[in-house]
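Taking it in order: structure first as C-alpha cells, then the write-up.
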Amino acid sequence: MLHKWKPFSFLEKPHICCRLSSLTFSKPSVSVARLLEEEPPLSRSHNDPVFEILSGLKKLGFRRFLSGDYFRSVVFSLDQLQVNKIINFLRVESPDFAVVFFDLMRNEYRFQHSRFSRFVVAHVLAGQRRLEELRFVLEQMLKEEGSGSAPSLCEHLLYGFRDWDKNSLVWDMLAFVYSRFEMVHDALYVLAKMKDLKLHASILTYNSLLYNLRHTGIMWDVYNEIKVSGITQSKQTNSIVIDGLCRQSKLQDAVSFLRETEATGLGPSIVSLNTIISRYCKLGFAGVAKSFFCMMLKYGLLPDSYSYNILIHGLCIAGSIEEALEFTSDMKKHGVEPDIVTYNILTKGFRLLGQMDGAWIVIQRMLDRGLNPDVVTFTILICGHCQNGNVKEGLKLREEMLSRGLQLSVLSYSVLLSSLCKVGQVQEALVLFYEMEEQGLEPDHVTYSILIHGLCKQGEVQSALLLYKEMCSKSIPPSSLSSGAILLSLCENGMIPEARVYFDSLIMNDWAHDIVLYNIMIDGYARHGNLEEALELYKIITEKGITPTTVTFNSLIYGFCKSRNLAEARRLLETIRLHGLEPTAVTYTTLMNAYCEDGNMRCMLEMLREMHAKGIRPTHVTYTVIIKGLCKQQKLQEAIRLLEDMRYMGLNPDQVTYNTIIQCFCKARNIKMAFKLLIEMWMNSLEPTPATYNILINGLCVHGNLKDANKLLISLHEQNIKLTRVAYTQIIKAHCVKGNAYSAFMFFCLMMEKGFEISIKDYSAVINRLCKRCLITEAQHFFCIMLSRGISPDQEICDVLFNACQQCGDLSFVYEMLAWTIKSGLLTQK
DNA sequence: CTAGGGTTAG
C-alpha cells in the first residue's frame with residue numbers, strides 16, 4: 001500500500017509551509033553532511049535515508065536529530081516501507097523511541113502508517129502495559145480500516161507477529177476495539193481466530209461484546225463462551241445480561257437470571273436491580289418495582305440516587321405523584337440527596353397530570369436548594385405548554401433559555417417543531433429548523449420525522465421528499481417513522497400503487513415487523529375501496545407472526561363498513577377481543593357511523609350502550625356521529641341539546657360537528673339558525689372550514705335566497721378566505737338551472753381568477769344545463785372559453801351541443817359544430 | 001435514571 005500525503009493538513013502549519021518551497025526531495029542536502037561531520041556515514045549508504053536517519057538518531061540523540069534540518073528535508077520523501085524499517089529497528093534498540101517516532105510521524109507530518117508499523121507499536125505498548133495508548137493506536141487503525149477488515153488484519157497479525165511478546169494482548173485489544181466501534185462481526189471474527197490460537201480474551205472484551213449483542217439472542221452464545229473459557233466474570237457481566245433480557249422484553253428471564261446469579265456468590269448488584277426496577281416502571285408496574293426496591297434493602301444493598309430516581313419516575317408516570325414525593329423525602333432521610341434529575345422527574349410528574357402550577361413549585365424548591373434548571377427542566381416545561389396547545393408559551397420559554405445562556409438541545413427544538421407542526425404552522429417550524437442548524441445542532445432522525453410528517457400532513461409532499469433526501473444524504477438512516485410519513489402521504493393522495501411499491505421496499509428493509517407501516521398500508525387500501533388487498537395484507541401479518549393492533553382492525557372495520565358489509569364489520573369487533581386487544585372509541589365510532597349512514601339508529605344506539613358498558617369514553621367524533629343520526633331523524637332540538645351536553649362533558653365540538661348540524665338546519669330551511677351556529681363557531685374560536693362555507697352556500701342556493709348566496713360568496717372571495725372549487729361550482733350550477741347565464745359566467749370567471757384547475761367536467765356541467773334551457777348562445781360562449789383554454793371537447797359535450805342546436809332550432813351553429821366535430825374526429829352518427 | 005416523533009373514526 002502506498003502512503004498518501006495529506007498536503008492541506010500540514011500546509012496549515014506555517015513553519016512547515018515556509019520550508020516547503022526550499023525542500024529538496026532527492027538527495028540529502030549539504031546540511032546533512034554538516035550535521036554528521038563528526039563521523040560521516042558510510043559512503044555506500046549516502047542514498048539510503050533509513051540508514052542516515054538511524055545513524056543520525058544514534059549520533060545526535062532523538063530530539064536534536066528530529067528537529068534538525070536534515071530530517072525535515074528528508075521526512076516528506078519517506079515511504080511506508082522505510083518508516084516500517086525505522087520503527088522496527090527502534091523497537092529492538094529502544095522501544096520507547098519507536099513509539100515517539102511513530103507518534104511524531106503521524107501527528108506532526110500526518111504520515112499514514114502501515115499496518116505493520118501500527119502492529120509493531122501496538123506490541124511495544126502492550127509490552128509496557130500502556131493500555132490506553134495501545135487502544136488509541138488500534139482505534140485509529142480501525143477507524144481507517146472500517147468494518148469488514150477483521151479477516152485481513154487477523155491474517156496480518158497471525159503471520160507477521162505470531163510469536164511476539166504480548167501478542168495475545170494485542171489480539172484482545174483488537175477484539176475489544178472492534179466491539180467498542182460496534183463492528184460486532186469483526187469482533188466475533190477476531191475472537192474466533194483467538195480461539196484457534198488458544199489465546200484468551202479478557203472479560204472486558206467479552207463484556208463489551210455482550211453489551212453490543214444484548215438486544216439479540218446471540219447474547220447467550222457469548223455468555224456461554226465466557227462460562228466455558230473459565231475466566232472470572234466481573235460484576236458487569238451479569239448486569240449486562242439482565243439489561244439485555246430487559247431490552248428483549250424477557251423480564252421474567254431477567255428475574256430468574258438475577259435469582260440464579262444470587263446463588264453463585266456474586267449476588268445481585270445495585271445496577272442489575274436498578275435495571276429491573278426501571279423496566280417494571282416503564283411497563284407501568286410501579287407496585288412490582290417497589291417490591292424489588294424493598295428486595296434491594298433486604299439484601300443489604302443501599303439504594304443509590306439512580307434507584308430512587310428510577311422509582312420516583314415510575315411512580316410519576318403511573319400518576320402517583322404523592323407517593324413519588326414521599327419517596328423523595330425518604331431518600332433524604334437515607335442520606336441520598338435529591339439531585340437535578342430527581343427534580344426534573346417530579347416536574348415531569350406534575351406536567352403529566354397537567355398541573356403546571358405543581359411543576360413550578362418543584363422548580364421553586366429546586367432553586368431553593370441552589371440547583372439551577374437545566375436544559376431538561378426547560379424542555380419538560382416547554383413540552384407541558386406545547387401539549388396544552390400553547391406553543392406561544394413554549395416559544396417564550398425558549399427565549400428565557402437563551403437569555404440564561406442555555407443552548408437549546410436537539411430535543412428541545414424537536415418538542416417545539418412537533419407542536420408547531422401539530423397546529424399546522426409548518427412554515428414556522430421550518431424557520432426554527434434552519435435556526436437549529438445555524439446553531440450547529442445536527443438534527444437527528446426524530447427531528448426529520450417530525451418535519452417530514454408535518455409537511456406531508458400539509459400536503460407539501462415535494463418538500464417532504466426533499467427533506468427525506470437531505471436526511472439520507474447526511475447518512476442519517478431513514479427510520480420507519482419518517483418513511484411511514486411518506487407512505488402515509490402517498491396513501492392520502494390516492495397513489496395506492498406507488499404507495500405499495502414503496503411499502504414493499506420498506507418491508508424488505510429493517511422494518512418488516514413494524515405494525516404501524518402495515519396499518520398505514522391497510523388503511524390506504526381500505527379507504528380507497530380495495531378491501532381485498534387490505535385483507536390480503538392482514539393475512540400476511542398473521543402469517544409473519546406480527547401482532548396486529550386495534551388500529552389494524554379499525555381500518556379493516558372501516559373497509560367493511562365502506563363496502564356496506566356491516567355484519568362482517570361487526571364480527572371484527574369481536575375478533576379484536578379474541579386477539580386480546582381492546583376496541584377503542586374509534587372502533588365504535590366507525591361502526592356507529594356506518595349504522596347511522598344505513599339509517600339503522602337502533603344498532604347505532606346499541607353500539608353506544610355497549611361502548612358505555614365497556615367503559616370506553618365517547619369522543620367528540622362519536623358525538624358528531626350521534627348528532628348526525630339525530631339530524632337524519634329531524635330531531636334538531638335534540639341535536640342542539642347534545643351539542644351543549646358535549647361542552648358540559650368537556651368534549652369540544654369541532655368544525656365537523658358544526659358543519660354537520662349546520663347542514664341539517666339548511667336542509668330544514670332554517671337558514672337563520674344555520675348562520676347563528678356559524679357565529680357560535682366564531683365565538684368558540686373555531687375557524688370555519690371551506691366545507692362550512694360550501695354547506696352554507698349550498699343551503700342558500702337550494703333552500704334559501706340565491707342572492708344571499710351571491711353576496712356570501714363574493715364577500716368570501718374578496719376577503720381571500722380559503723375556499724374550495726365546490727363553493728363556485730355549486731353556485732354556478734344554481735345560476736345555470738335558473739337560467740342566469742350571466743351570473744354563472746361571472747362566478748366562472750371568479751373561479752378561474754382564483755387559479756382553480758378547470759376541467760372539461762366543469763364546462764360540460766355548465767353547457768349541459770344551459771342547453772337544457774335552450775340557452776345556446778350562452779352555451780356556445782362557454783364552449784369557446786373552453787377551446788381558448790386549450791381544452792379539447794369530448795364526444796359527450798359535442799353531442800349535447802349538437803342536439804341542443806337542432807332541438808332549439810339554432811341551425812347556424814349546427815354547421816359550425818359539425819365542422820368542429822369533423823375536424824376533431826368526433827363526428828357522431830346521428 | 002430525567003426531555004422529543006408515527007397509523008384509525010365523523
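The chains referred to below are lettered A, B, ... by the order of the sequence lines, with proteins before strands, and numbering in each begins at 1. Keep in mind that what you see is a predicted model, and the values were worked out from it rather than measured. Basis for what follows: all heavy atoms, side chains included, without hydrogens, waters or symmetry-related copies.
Listed nucleotides: B/dA3, B/dA9, B/dT8. Nearest to the side chain of A/C383: B/dA3. Across B/dG4, B/dT7, B/dA9, the shortest atom-to-atom separation from the side chain of A/L488 is found for B/dT7. Residue A/V621 has its side chain nearest to B/dA9 when only B/dA9, B/dG6, B/dG4 are considered. Nearest to the side-chain atoms of A/D654 among the listed nucleotides B/dG10, B/dG4, B/dT2 stands B/dG10. Nearest nucleotide to the side chain of A/S278, out of B/dA3, B/dG6, B/dC1: B/dC1. The side chain of A/L517 lies closest to B/dG6, out of B/dT2, B/dG6, B/dG10. Closest to the A/I380 side chain, of the nucleotides B/dG10, B/dG6, B/dA3, is B/dA3. For A/V586, taking side-chain heavy atoms from C-beta onward, the closest of the listed nucleotides B/dG4, B/dG5, B/dA9 is B/dA9. Closest contact between the side chain of A/V656 and the listed nucleotides B/dA3, B/dT8, B/dG10 involves B/dG10. Of the candidates B/dA3, B/dG5, B/dT8, the closest approach to any side-chain atom of A/V375 belongs to B/dA3.
Using a 4.0 Å heavy-atom criterion, one finds that A/D514 contacts the bases of the nucleic acid, with or without backbone contacts as well. Across all strands shown, A/V625 has heavy atoms under 4.0 Å from sugar-phosphate atoms exclusively, and none from any base. Contacts of A/I520 with the nucleic acid, taken as non-hydrogen atoms under 4.0 Å apart, involve only primed sugar atoms and P, OP1 or OP2. Nucleic acid contact for A/S409: base, since at least one base atom lies under 4.0 Å from a heavy atom of the residue. Contacts of A/S307 with the nucleic acid, taken as non-hydrogen atoms under 4.0 Å apart, are absent. Among the heavy atoms of the strands lying under 4.0 Å from A/S479 is at least one base atom, whether or not backbone atoms are also near. In this structure, A/V516 reaches the bases: a heavy-atom distance under 4.0 Å links it to at least one base atom across the strands shown. Contacts of A/S418 with the nucleic acid, taken as non-hydrogen atoms under 4.0 Å apart, involve only primed sugar atoms and P, OP1 or OP2. Contacts of A/T447 with the nucleic acid, taken as non-hydrogen atoms under 4.0 Å apart, include base atoms. Residue-level contact check: A/Y558 touches the backbone only, with heavy atoms under 4.0 Å from sugar-phosphate atoms and none from bases. Counting non-hydrogen atoms under 4.0 angstrom, A/K562 reaches nothing in the nucleic acid. A/T590 comes within contact range of the sugar-phosphate backbone alone, with a heavy-atom separation under 4.0 Å but no base atom that close.
Annotation: A/Y448 is in aromatic contact with A/F433 [ring centroid separation under 6.0 Å]. A/Y518 has its ring centre no less than 6.0 Å from the ring centre of A/Y538.
Between A/H528 atom NE2 and B/dT7 atom P the separation is 17 Å, expressed in whole Å. Whole-Å rounding puts the A/K422 NZ to B/dG4 P distance at 10 Å. When the C1' atom of B/dT8 is taken as reference, atom CG of A/L531 falls 15 Å away, rounded to whole Å. Between A/Y413 atom OH and B/dG4 atom P there is a gap of 18 Å when expressed in whole angstrom units. The separation between A/I321 atom CD1 and B/dT2 atom P is 15 Å, rounded to whole Å. The CD1-P distance, from A/I476 to B/dG4, rounds to 20 Å in whole Å. Rounded to whole angstrom, the span from the CZ atom of A/R617 across to the P atom of B/dA9 amounts to 21 Å. In this structure, A/L451 places its CG atom 13 Å from P of B/dG5, rounding to the nearest Å.
The nearest pair of heavy atoms linking A/A526 to A/S555 is CB-O, 3.4 Å.
For A/T622 and B/dG10, a side-chain-to-base donor-acceptor distance below 3.5 Å is absent, hydrogens and geometry of angles not being considered. The base of B/dG4 lies close enough to the side chain of A/D444 for a donor and an acceptor atom to sit less than 3.5 Å apart. With hydrogens and angles ignored, no donor-acceptor pair closer than 3.5 Å exists between the side chain of A/T587 and the base of B/dA9. On a pure distance criterion of 3.5 Å, a polar donor-acceptor pair joins the side chain of A/T657 and the base of B/dG10.
Judged by the 6.0 Å and 45° rule, A/R500 forms no cation-pi pair with A/F503.
OP1 or OP2 of B/dG4 has at least one side-chain nitrogen or oxygen of A/R351 nearer than 4.0 Å. The side chain of A/H453 contributes an N or O atom lying less than 4.0 Å from OP1 or OP2 of B/dT7.
Classified by interplanar angle (parallel below 30°, tilted 30° to 60°, perpendicular above 60°), the ring pair A/F327/A/F293 is perpendicular.
The pair A/E606-A/R570 meets the salt-bridge criterion, since a charged nitrogen lies less than 4.0 angstrom from a carboxylate oxygen.
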Report task. Carefully, step by step, assess A/L517 and A/M521 under the rule side-chain contact (heavy atoms from CB on, under 4.5 Å). Result -> CA-CA 6 Å; A/L517 295 178; A/M521 196 65 232; over 6 Å; no
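At a cut-off of 3.5 Å, with distance as the only test, no side-chain donor of A/T660 or A/T624 sits close to an acceptor on the other residue.
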